[in-house]
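The structure under discussion appears below in the form of structure tokens.
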Amino acid sequence: MDIIISNASDKPIYDQIVSQMKALILTGELGEGQQLPSIRALAGDLRISVITTKRAYAELELQGFIETVPGKGSFVAGGNLELLREERLRHIEELLVQAVDEARGANVGIPELHDMLDLIAESDD
């Protein structure tokens, strides 16, 4: 599991961990039931505070991405495919809002934006 912390980022360190772990779970790189590194181990690997790592794990647990079993560790949560799908849909919606805002700023109409999206989708086939 590769987590990269950037001190130059405007995002807090715990948020960088949360984002990257969510991405690993959403892409399937971290599978259901897979054990995560202990809070102390991850903090040591990343050379950050245990408190920061604990906050990231708490946020991931609050969002339903991981489950913590006292005395055993933290694991990728199972049975939450709908939650993962919703998370991805929300992200796609954010990207589409950005695209519409950019298009409006460039005086590109919605029909033209639809055409662009269709072309992009067809080119990936």
Side-chain angles (χ1 to χ4, degrees):
M1 176 173 68
D2 292 327
I3 303 282
I4 299 167
I5 301 299
S6 170
N7 290 324
S9 174
D10 59 341
K11 288 173 73 174
I13 292 172
Y14 85 92
D15 199 21
Q16 292 179 50
I17 296 169
V18 169
S19 309
Q20 291 179 52
M21 282 195 157
K22 282 169 49 175
L24 292 170
I25 292 168
L26 291 171
T27 60
E29 192 170 323
L30 287 176
E32 179 182 322
Q34 186 172 342
Q35 186 166 14
L36 301 174
S38 72
I39 290 172
R40 288 189 191 284
L42 185 60
D45 289 347
L46 298 176
R47 296 183 177 170
I48 60 172
S49 165
V50 171
I51 294 169
T52 302
T53 308
K54 185 174 182 173
R55 183 173 180 190
Y57 275 37
E59 182 65 28
L60 287 164
E61 189 165 15
L62 183 68
Q63 293 180 21
F65 284 90
I66 68 171
E67 297 170 338
T68 300
V69 180
K72 294 194 179 195
S74 297
F75 303 84
V76 176
N80 61 354
L81 294 177
E82 191 59 35
L83 174 68
L84 296 176
R85 183 170 166 25
E86 280 300 316
E87 180 72 22
R88 292 191 88 172
L89 286 174
R90 185 171 38 242
H91 181 68
I92 291 167
E93 287 172 1
E94 290 171 7
L95 293 173
L96 288 172
V97 166
Q98 278 184 305
V100 169
D101 289 345
E102 287 291 323
R104 285 183 178 145
N107 204 23
V108 173
I110 298 300
E112 191 175 353
L113 193 59
H114 278 279
D115 291 342
M116 291 169 70
L117 182 59
D118 290 341
L119 284 172
I120 291 168
E122 288 172 8
S123 70
D124 288 344
D125 289 344

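Each residue takes its place number in the sequence, starting with 1.
Judged by distance alone, with hydrogens and angles left aside, the side-chain atoms of Glu122 form no donor-acceptor pair with the main-chain N or O of Leu119 at under 3.5 Å. Between the side chain of Gln16 and the backbone N or O of Ser6 there is at least one donor-acceptor pair closer than 3.5 Å.
Checking each of Ile17, Thr27, Leu60 against Lys22 for a side-chain contact (heavy atoms from CB on, under 4.5 Å) leaves exactly one that passes, namely Leu60. For the side-chain contact (heavy atoms from CB on, under 4.5 Å) with Gln20, the qualifying choice from Asp15, Ile4, Asp2 is Ile4, the only one to do so.
Gln35 is linked by a side chain to side chain contact (heavy atoms under 4.5 Å, CB included) to Phe75, counting only residues two or more places apart in sequence or in another chain.
Screening residues 94-118 for side-chain hydrogen bond (donor to acceptor under 3.5 Å, both in side chains) gives no qualifying pairs among residues at least two apart or on separate chains.
Using a 4.5 Å cut-off on side-chain heavy atoms (C-beta onward), Tyr57 and Met21 make contact. Between Glu67 and Ser74, every side-chain heavy-atom pair lies at or beyond the 4.5 Å cut-off.
In Met1, the CE atom is crowded: over 12 heavy atoms of neighbouring residues, nucleotides or ligands sit closer than 6.0 Å. By the 6.0 Å contact criterion, CD on Glu29 is open, its count of non-hydrogen atoms from other residues, nucleotides or ligands being 12 or less.
Rounded to the nearest 0.5 Å, atoms CD1 (Ile110) and CG (Leu117) are 11.0 Å apart. To the nearest 0.5 angstrom, Gln34 atom CD is 12.5 Å from Ile66 atom CD1.
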Tell me which donor-acceptor pairs under 3.5 Å the side chains of residues 42-56 have, and how far apart each pair is, sequence neighbours excluded?
{"from": "Ser49", "atom 1": "OG", "to": "Ile51", "atom 2": "N", "distance (Å)": "3.0"}
{"from": "Thr53", "atom 1": "OG1", "to": "Ser49", "atom 2": "O", "distance (Å)": "3.3"}
{"from": "Arg55", "atom 1": "NH2", "to": "Tyr14", "atom 2": "OH", "distance (Å)": "3.3"}

